[in-house]
*Asks:* 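This structure is in structure tokens; I'll ask about it shortly.
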Amino acid sequence: MRFAAIADVHGNCAALEAVLADIAALGIRDIVNLGDCFGGPLEAGRTADLMLLLDMEAARTVRGNHDRYLLEMPAAALGASDAHAHRQLAPRHFDWLRKLPSSMVYRDDVFLCHATPADDNLYWLEKVSPEGHVCLRRQEEIEAMAEGIEQPLILCGHSHIARVVQLSDGRLIVNPGSVGCQAYDDDQPVFHKVETGHAMACYAVLEKTGRGWVPQFRHVAYDHMAMSRLAAENGRPDWASALATGRVG
């Protein structure tokens, strides 16, 4: 059993196209998508059209927190990134978002969610200190949030940080990283930055072997500077920096 996991595309259609081409080159047909599909100052409409096609052909998708904001919040109340995406989306895209579950079990063996099973806006594998440092969460805290999940492989996104954590009972939690946004800042729970330090799209290949599940993280080059320029044209220098360098300017 072998499949690909993508997450946090955030309207970056160029990055998604490059990742899908890489997945196809590996001969992989099955894809799961961990949400936050469209929110960003880029190409939400083009991304949505591709996502809908991908969903029909291969992918299984769960809803992310920004996907939920697009559905639940009035357009005037959305943040800048989601407001930009909202203006580009068509009714068929919103219909697709409404059908997405917050979590699912894939092929009996894999549990999928965007952030944590109970909260789509909480880092599972990372914790933010009062000083704004993002670090690995304590093992017992990670395991407490996995209580009740029986599947040996658990996939989550949200933090944009590619990471694997092994639980004491052997289960793996894997974050495949972000396809479309390699750096950002946030003011919840306190101001902090997440920076990968590179501009490549990231995803993961998961393979079930005789010794259990093995993740392989893959980084894919694409025309990130075109997306950086688009973000700048759309009045988002923070995104322009993140897309160009993997750092928040």
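Quick note: residue numbers are just sequence positions, from 1.
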*Asks:* Please find out if less than 6.0 Å separates the ring center of F3 from that of Y106.
*Replies:*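 Here the rings of Y106 and F3 have centres that are less than 6.0 Å from each other.
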
*Asks:* Heavy-atom distance under 4.5 Å between the side chains of H86 and Y69, does that happen here?
*Replies:*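 Answer no - side chains too far apart.
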
*Asks:* Would you confirm whether the ring centroid of F38 sits within less than 6.0 angstrom of the ring centroid of H84?
*Replies:*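 H84 vs F38: aromatic centres not under 6.0 Å.
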
*Asks:* Between L153, V214, D109, which is the residue that forms a side-chain contact (heavy atoms from CB on, under 4.5 Å) with K208?
*Replies:*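 Testing K208 for a side-chain contact (heavy atoms from CB on, under 4.5 Å) against L153, V214, D109 leaves exactly one candidate, D109.
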
*Asks:* Using 30° and 60° as the class boundaries, would you call the ring planes of H198 and H219 parallel, tilted or perpendicular?
*Replies:*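 Answer is perpendicular, since the angle exceeds 60°.
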
*Asks:* Tell me whether S241 contacts the main-chain N or O of G249 through its side chain, where contact means a donor paired with an acceptor under 3.5 Å.
*Replies:*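 Answer holds: yes.
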
*Asks:* Can you tell me how far apart CG (D185) and CZ (F191) are? Round to the nearest 0.5 Å.
*Replies:*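 One finds 4.0 Å between CG of D185 and CZ of F191.
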
*Asks:* Do R2 and D30 pass the salt bridge (Lys or Arg N to Asp or Glu O under 4.0 Å) test, and can you show the C-alpha distance, the side-chain angles, and the key distance before you say yes or no?
*Replies:* CA-CA 8 Å; R2 188 169 178 242; D30 296 321; over 6 Å; no

*Asks:* Any Lys/Arg nitrogen of D55 or R60 sitting under 4.0 Å from an Asp/Glu carboxylate oxygen of the other?
*Replies:*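 Here D55 does not pair with R60 in a salt bridge, since their nearest N and O are not under 4.0 Å apart.
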
*Asks:* Heavy-atom distance under 4.5 Å between the side chains of L172 and P215, does that happen here?
*Replies:*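 The answer is yes; the side chains approach within 4.5 Å.
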
*Asks:* A side-chain contact here means heavy atoms from C-beta on lying under 4.5 Å apart; do L112 and S103 qualify?
*Replies:*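 Of all side-chain heavy-atom pairs linking S103 with L112, none is under 4.5 Å.
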
*Asks:* Judged by atom type as modelled, is there a donor-acceptor pair below 3.5 Å linking the side chain of S178 to the main-chain atoms of V9?
*Replies:*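 Such a contact is absent between S178 side chain and V9 backbone.
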
*Asks:* If we only count heavy atoms from C-beta on, is the L206 to V32 side-chain gap below 4.5 Å?
*Replies:*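 When only atoms from C-beta onward are counted, V32 and L206 do not touch, as no gap falls below 4.5 Å.
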
*Asks:* Would you mind reporting whether V248 and W239 have side-chain heavy atoms less than 4.5 Å apart?
*Replies:*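 Heavy-atom side-chain distance check fails, nothing below 4.5 Å.
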
*Asks:* Return yes if some donor-acceptor pair links the side-chain N/O of Q88 with the main-chain N/O of L42 below 3.5 Å, else return no.
*Replies:*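 Indeed, once roles are kept as given, a pair shorter than 3.5 Å links the two residues.
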
*Asks:* Below 4.0 angstrom, N of the basic side chain to O of the carboxylate: do D169 and R171 qualify?
*Replies:*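 R171 and D169: salt-bridged.
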
*Asks:* Should we say atom CD of E150 is surrounded by more than 12 heavy atoms from elsewhere, each under 6.0 Å from it?
*Replies:*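 Atom CD in E150 is not packed in, count stays at 12 or less.
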
*Asks:* Considering only heavy atoms from C-beta outward, does the side chain of R137 approach that of V165 to under 4.5 Å?
*Replies:*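 Sidechains of V165 and R137: no contact.
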
*Asks:* Given 3.5 Å as the limit, does a donor-acceptor pair link the side chain of R68 with the main chain of M73, or not?
*Replies:*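 No; zero donor-acceptor contacts below 3.5 Å.
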
*Asks:* So, do C156 and F111 sit near enough that their side-chain heavy atoms are less than 4.5 Å apart?
*Replies:*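 No - every pair of side-chain heavy atoms lies 4.5 Å or more apart.
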
*Asks:* Are there over 12 heavy-atom neighbours, none belonging to D95, within less than 6.0 Å of that residue's CG?
*Replies:*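 More than 12 heavy atoms, drawn from other residues, nucleotides or ligands, come within 6.0 Å of this atom.
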
*Asks:* Is there a side-chain contact between I31 and I23, using heavy atoms and a 4.5 Å cut-off?
*Replies:*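 Of all side-chain heavy-atom pairs linking I23 with I31, at least one is under 4.5 Å.
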
*Asks:* Distance check, rounded to the nearest 0.5 Å: R229 atom CZ versus N234 atom CG?
*Replies:*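 If we round to the nearest 0.5 Å, R229:CZ and N234:CG are 13.0 Å apart.
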
*Asks:* Provide the closest heavy-atom pair for M51 versus N33 in the form atom of the first, atom of the second, distance.
*Replies:*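 What the structure gives for the nearest pair is SD-ND2, 3.2 Å.
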
*Asks:* Centres of the H160 and Y123 rings: under 6.0 Å?
*Replies:*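 Between Y123 and H160, which both carry aromatic rings, the centre distance is not below 6.0 Å.
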
*Asks:* On a heavy-atom basis, which atom in A244 and which in S228 lie closest, and how many Å separate them?
*Replies:*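 In terms of heavy atoms, the two residues are closest at CB-OG, 3.6 Å.
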
*Asks:* Hey, any chance L243 and V220 share a hydrophobic cluster, counting ILVMFWY side chains that come within less than 4.5 Å of each other, even indirectly?
*Replies:*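 No, no single cluster joins them.
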
*Asks:* What heavy-atom pair brings A7 and L34 nearest, and what distance separates the two atoms?
*Replies:*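 Result for this residue pair: CB-CB, 3.7 Å.
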
*Asks:* Write down the atom of Q151, the atom of V110, and the distance for their closest heavy-atom approach.
*Replies:*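 That would be CG-N, 3.6 Å.
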
*Asks:* Does the N12 side chain pair with the main chain of E43, one donor and one acceptor, at a distance under 3.5 Å?
*Replies:*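 Judged by distance alone, no pair lies under 3.5 Å.
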
*Asks:* Indicate yes or no for a side-chain donor-acceptor contact from D67 to the backbone of G64 under 3.5 Å, with no hydrogens or angles considered.
*Replies:*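 Looks like yes, one N/O pair under 3.5 Å.
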
*Asks:* Checking the side chain of D223 only, and the main-chain atoms of A226 only, is there a donor and an acceptor separated by less than 3.5 Å?
*Replies:*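 Yes; at least one donor-acceptor contact below 3.5 Å.
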
*Asks:* Apply the test salt bridge (Lys or Arg N to Asp or Glu O under 4.0 Å) to residues R46 and E17: give CA-CA distance (whole Å), side-chain angles for both, the deciding distance (0.1 Å), then the verdict.
*Replies:* CA-CA 11 Å; R46 284 189 63 224; E17 289 171 335; 2.9 Å; yes

*Asks:* Verify the ring-centre separation between H10 and H66: is it less than 6.0 angstrom?
*Replies:*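 When the ring centroids of H66 and H10 are compared, they turn out to be within the sub-6.0 Å range.
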
*Asks:* Quick check: does any side chain N or O of Q182 sit under 3.5 Å from a backbone N or O of M200, one acting as donor and the other as acceptor?
*Replies:*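 Checked: pair present.
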
*Asks:* Please check: side-chain N/O of R63 versus main-chain N/O of L100, any donor-acceptor pairing under 3.5 Å?
*Replies:*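 Such a contact is found between R63 side chain and L100 backbone.
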
*Asks:* What distance separates L97 CG from K99 NZ, expressed to the nearest 0.5 Å?
*Replies:*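 With rounding to 0.5 Å, CG (L97) is 11.0 Å from NZ (K99).
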
*Asks:* With clusters defined by side-chain heavy atoms of hydrophobic residues (ILVMFWY) lying less than 4.5 Å apart, directly or transitively, does L26 cluster with I6?
*Replies:*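 Yes; L26 is reachable from I6 via cluster members.
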
*Asks:* For L89 and A44, which heavy atoms make the closest approach, and how far apart are they?
*Replies:*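 Shortest heavy-atom contact: CD2-O, 3.8 Å.
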
*Asks:* Are any side-chain N or O atoms of D8 and backbone N or O atoms of H158, one a donor and one an acceptor, separated by less than 3.5 Å?
*Replies:*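 Pair found, side chain donor or acceptor close to backbone of H158.
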
